Structure formats: structure tokens, C-alpha cells
Amino acid sequence: MHIAEGFLPAPHAVGWTVAAAPFVVHGARAVVREVREHPESTLLLGAAGAFTFVLSAIKLPSVTGSSSHPTGTGAGAVLFRPPVMALLGTVVLLFQALLLAHGGLTTLGANAFAFAVVGPWAGYGAYRLTRALGAGLLPGVFVALALADLATYVTTSLQLALAFPDAASGVLGAAGKFLGVFALTQVPLAVGEGLLGVLLFRVLTVNARPELERLGVLRPAAAAEPAEEAR
Amino acid sequence: MTGLAVDDAAWASAWRTRSPVDKLLLCAGLVVCALVLPAWPGSVLVALAAVVLALGPARVPARTFVRAVRWPLAFVLTGALTAVVSVDGGGVGWAPDAAARAGELVGHSVAGGAAVLLLATTTPMTDLLAALRRLRVPAAVVEVAGVTYRMLFVLLESVRTIREAQTARMGHSTWRRSYRSSGALAAAVLTRSWQRARRLQEGLAGRGLETGLRVLPESRPSSRGFLAATAAGLAALVAVGVLL
């Protein structure tokens, strides 16, 4: 769910752009540094961006009848960390705005704040917390993806509420309205995206273990210890 | 055919050979007008201008244009309706001058959306990325975005093919299977994207990847006539929008 072009009044559009900018610039710096040290990561980062875009094109069956699309930033936050996702998410939003007419240019800042900043950080925070509490990879992934999705939707609803406070009950009432209307599609989607993440990572731990170890998602388990002893 | 109608339209557009900077200025002007001019008559005029320019001189297929606005329109209508319904202590009713406010919101959004779509359906992403580079966005960032754009279509094609194969094997016949298939699909696409990136990287390393992904820039000179017409048109829009 992205805010459409022209939907936010100009001061809000500018305000959210200013709010999202430091995170995106920080992400851009991280990417520039990474590419300077390892020129080959340009292609891996590009692949990660393309995957995030494509993940949002995978349809999931949903309770509300129509199918819905995952946001994909939670998976990206677990795999590539939130600062990088702030930039990749913004690039994906730009492409969605221009290739799918989904989202917009003046609302890019507001959407980036919800989709590329709050979503990945909330998901990643929840992931680290569940892992620190001793949970396995898959529960952590479920919580990360579901929460990244929910946090994005809650942030978008609050952005809309701030822009369009209710005539009688103010910003709080408006937040209730927007949360309620979009909950119909977004809450089942969050659960669905969490489930999809579990299935995705279950396949990845079998088929792409070396990549997950390199990204630091999985600890190099049995294979690493003999190697250390050998040293 | 690449599978994304807007992208196809951009490559086939009659304005494809115009300078991206010219088109960027025109569309940015229209987007700003759509945002700040009063909805009546400003938004209506901006929307009209964008649609007429796209379907007329830029020769974008009307079907593409109409299909592209369907999804954003669903959001705009839901959002606008929610914004003008007033909830207070259990009672639900229309906010004061609900119709006018909803109309304004829809007007701004449709006009802005049409202006962005005019840019999207006339300027391929590669041209826009080159323009971003000229706006001092770091080269590494533009290159990552460029790889993302170029890899999109391959991955979308993979999604389509894998999904077709899964469906043919009853992979989407029930909810349970559908979720399991979608998980496998996402995993397959992710590992494919990594493989592809690695193969590309090895190929480029063999050709001496040292200074980033350099491609020959196409030179598209800016047209004075186009810029003058843009300035005049936007000035007229602002004048009519403010005075009426």
C-alpha cells in the first residue's frame, strides 16, 4: 500500500521527504563504501533490489478474496540489513512509481519513510530480539516479515491521519479510520507474508546455505569448526 | 515486449528521442502545478494537459494509459472516502463539505498521477538514471539502480515461467499448496538472482571491471522550442489556475 501521487498536501510531502532523507543518504553512503571496497557487490546489490521489486509482484491468496502482494522489505532487512534496504527500498519505490504507476514522486518521501525505513527497521529489530531470546531462524523470520509489513501499514495510516485529521475526532480519530479501512487487506497480508518468509527461508537453508552464511544470517555450523581446529 | 506495459510504451513513444531533461522539466512542472494549484480548475487543466500530450504528440496507446491508472485510482478513491467520513463517539457521518474535499483530493491525485505517467510512458528508465547521474547522485547508487532495472525483467520472466510450471503441476490448487509454491518460487527467484549476479560479475571481471559499469551515453540535445513551449504552457496553467 503506497500513497498515490498528489494525495498528500505539499507541506506533508516535503516534510516526509526531509524525514526520510537522512536514512536514504546513510544507506547510499553504505552502498558507495561497499562498492568502493568490493566493486563486484554492485551486481549483488542490484540483484537484491530486483528481488525486492519482483517479490512484490508475487500474488498471495488472501482472506479478503482478492490476492495481495507482499512488501518484501522484511526479507531484505534480514538478508541485507536495514541501512542498505533504506536505499534499495527507495529505488524499488521509484521503479514502482514509474513502471507500475504505484505510489508517486511527490509522495516518494512519505512512502520511503514507511516502506524503506520504518518497515525494515521494525522487522530487523523484531528479528534480532526474537533471535536474542533464543528462538530459531524461522520464528525470527516470521516475526520480522509480519512486523515489517504491519509497521509499514501503520506508518502509512498515521501519515494519512496527520494529513487528513477527522473533522470531529482529530488526528486520533482519523488514524483509527485509516487503520480500520486498510486493516481489511493489510493484516491478513502481514500474516501471509510471515508465512511466505518461513517457507522461503526453509528452502534457502537447504539450497542456499553458503549464501546465507556469507550474509551472516546463518552461523557457519558444523563445517566451520573442523576448519578452525585445523588452523 | 518486456511485460511491463508502461516500460514498453516508454521505449515505443514518439518522445523517446527527446532530451530526458526537457521531459523531466515539463513533467516536474505539471506535478508541482497539480499539487499546489487549486483543484478547480488547476487539477483538471493539468490532467487534461498530461493526457492530451501523452495521447497526442507522444503517441502513447490510450489503453496503456487507462490501465496504468486503475490501481492507484482504487487507493485514491478509498483514501479520499475515508478522509471525508467523520467518526465521532460511535456515530459515523459525512464531514462538513465532504463532497468538495473528496473532489479536491481525487483531482490533485489524478492530475499528479497523469503527469507522472506522462514522464513514465515517454522516458525509459535508463534515460532517467542517466539524468540522475547528472544531478550528482553518486555513480555507485545509479549503477545499483541500473542493475536492478536490467535484472527486473529477467526475474519477472522467471516468476511467470515458474508459476506456470507450478500451476500445471497443481501447485496452486489449494491455499496450502499455493503458499508452499509461493515460498519455493520466492526462493528460486532469489537464488537465480544471485547466480545471475555472480555470472555477470565473472563475465565483467574477465573484461576488466575497474571503473564501474560504463556505457556509451546517448546524446539527446535539448530542444529550445520544446523548452519554450513548456515554459509558456506552465505559465498559462498557473495564470488560469490562480486567476479563475
Side-chain angles (χ1 to χ4, degrees), chain A residues 1-2 4-7 10 13 28 31-32 35-36 39-40 42-51 53-55 57-58 60-61 87-88 91-92 95 97-102 104-106 160 164 166-169 173-174 176-178 181 192 195-196 198-200 202-204 207-208 211, chain B residues 4 6-7 31 34-36 68-69 71-72 75-76 78-79 82-83 85-88 95-96 105 108-109 111-113 116-117 120 125 138 140-141 143-145 147-149 151-152 155-156 159 175 178-180 182-187 189-191 193-194 196-197 200-201 205 209-210 213:
Chain A
M1 175 176 99
H2 304 327
E5 173 60 44
F7 203 80
V31 166
V32 169
V35 167
R36 197 184 307 131
E40 69 277 7
T42 306
L43 295 150
L44 273 174
L45 288 168
F51 174 70
F53 184 97
V54 168
L55 197 60
I58 293 178
L60 286 176
L87 179 75
L88 291 184
V91 169
V92 167
F95 285 4
L98 288 172
L99 297 174
L100 305 173
H102 192 174
L105 296 183
T106 59
L160 289 171
F164 307 105
D166 192 280
S169 44
K177 278 191 312 190
F178 283 110
V181 167
L195 285 176
L196 179 74
V198 170
L199 295 166
L200 164 68
R202 205 162 67 185
V203 179
L204 287 181
N207 291 349
E211 279 86 352
Chain B
L4 291 174
V6 172
D7 189 67
V31 165
L35 197 62
V36 297
V69 294
W71 284 109
F75 171 85
V76 167
T78 324
T82 315
V85 166
S86 173
V87 185
D88 125 59
L105 262 179
H108 285 304
S109 300
V116 171
L117 208 52
M125 194 59 78
V141 172
E143 277 172 11
V144 167
V147 174
T148 300
Y149 173 72
M151 223 178 255
L152 267 186
L155 294 187
L156 281 175
V159 167
W175 263 45
S178 192
Y179 264 98
R180 187 183 295 253
S182 299
L185 169 59
V189 170
L190 181 62
T191 44
S193 77
W194 281 336
R196 197 160 276 280
L200 273 170
Q201 195 262 315
L209 174 70
E210 274 162 12
L213 305 167

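Just so it is clear, the structure is predicted and the values come from calculations on it, not from any experiment. Order of the sequence lines fixes the chain letters, A, B, ..., with proteins taken first and strands second; residue numbering starts at 1 for each chain.
- Here B:Pro72 is the residue among B:Pro138, B:Pro72, B:Ala205 with the most heavy-atom pairs under 4.5 Å with chain A.
- Proximity to chain B (any heavy atom under 4.5 Å) is shown, for A:Ala174, by neither the backbone nor the side chain.
- Counting heavy-atom pairs under 4.5 Å between each of B:Gln201, B:Met151, B:Arg180 and chain A puts B:Gln201 at the top.
- For B:Leu190, the parts sitting under 4.5 Å from any heavy atom of chain A are the backbone and the side chain alike.
- A:Leu100 touches chain B through backbone and side chain together, each having a heavy atom under 4.5 Å away.
- No other option in A:Gly173, A:Ala13, A:Gly192 has as many heavy-atom pairs under 4.5 Å with chain B as A:Gly192.
- A:Leu87 touches chain B through its side chain: at least one heavy atom from C-beta onward sits under 4.5 Å away, while N, CA, C and O do not.
- With a threshold of 4.5 angstrom between heavy atoms, A:Leu99 approaches chain B through its backbone and through its side chain.
- Here CG of A:Leu196 is found 7.5 Å from OH of B:Tyr179. Values are rounded to the nearest 0.5 Å.
- For B:Thr82, the parts lying near chain A are the backbone and the side chain together; criterion is any non-hydrogen pair under 4.5 Å.
- Taking 4.5 Å as the limit, every side-chain heavy atom of A:Leu98 sits out of range of all side-chain heavy atoms of B:Val6.
- When each of A:Val91, A:Leu88, A:Leu45, A:Thr42 is paired with A:Val31, the side chain to side chain contact (heavy atoms under 4.5 Å, CB included) condition holds for A:Leu45 and for no other.
- There is no contact between A:Ala48 and chain B, counting heavy-atom distances below 4.5 Å.
- Only the side chain of B:Met125 comes within less than 4.5 Å of a heavy atom of chain A; its backbone N, CA, C and O stay farther away.
- Atom-to-atom distance recorded for B:Ser193:OG and B:Leu152:CG is 11.0 Å, nearest 0.5 angstrom.
- Heavy-atom distances place the side chain of B:Leu35, and not its backbone, under 4.5 Å from chain A.
- Interface remark: B:Ala34 contributes no atoms to any contact with chain A (heavy atom separation under 4.5 Å).
- Listed for the A:Lys177 side chain is no donor-acceptor partner under 3.5 Å among the backbone atoms of A:Asp166.
- Here the straight-line distance linking atom CZ of A:Phe53 with atom CG of B:Leu155 works out to 10.5 Å at 0.5 Å rounding.
- Note: A:Glu211 CD to A:Leu204 CG = 8.5 Å, rounded to the nearest 0.5 Å.
- The contact between B:Val76 and chain A is made by backbone and side chain atoms together, counting heavy-atom distances below 4.5 Å.
- Between A:His2 and A:His102, the angle of the ring planes lies from 30° to 60°, which puts this pair in the tilted group.
- Both the backbone and the side chain of A:Val32 come within less than 4.5 Å of a heavy atom of chain B.
- With a 4.5 Å cut-off on side-chain heavy atoms, A:Val181 and B:Thr78 count as touching.
- The residue among B:Ala111, B:Ala187, B:Ala68 with the most heavy atom pairs within less than 4.5 Å of chain A is B:Ala187.
- In this pair, B:Tyr149 and A:Phe95 present their aromatic rings perpendicular. The plane angle is above 60°, beyond the 30 to 60° band.
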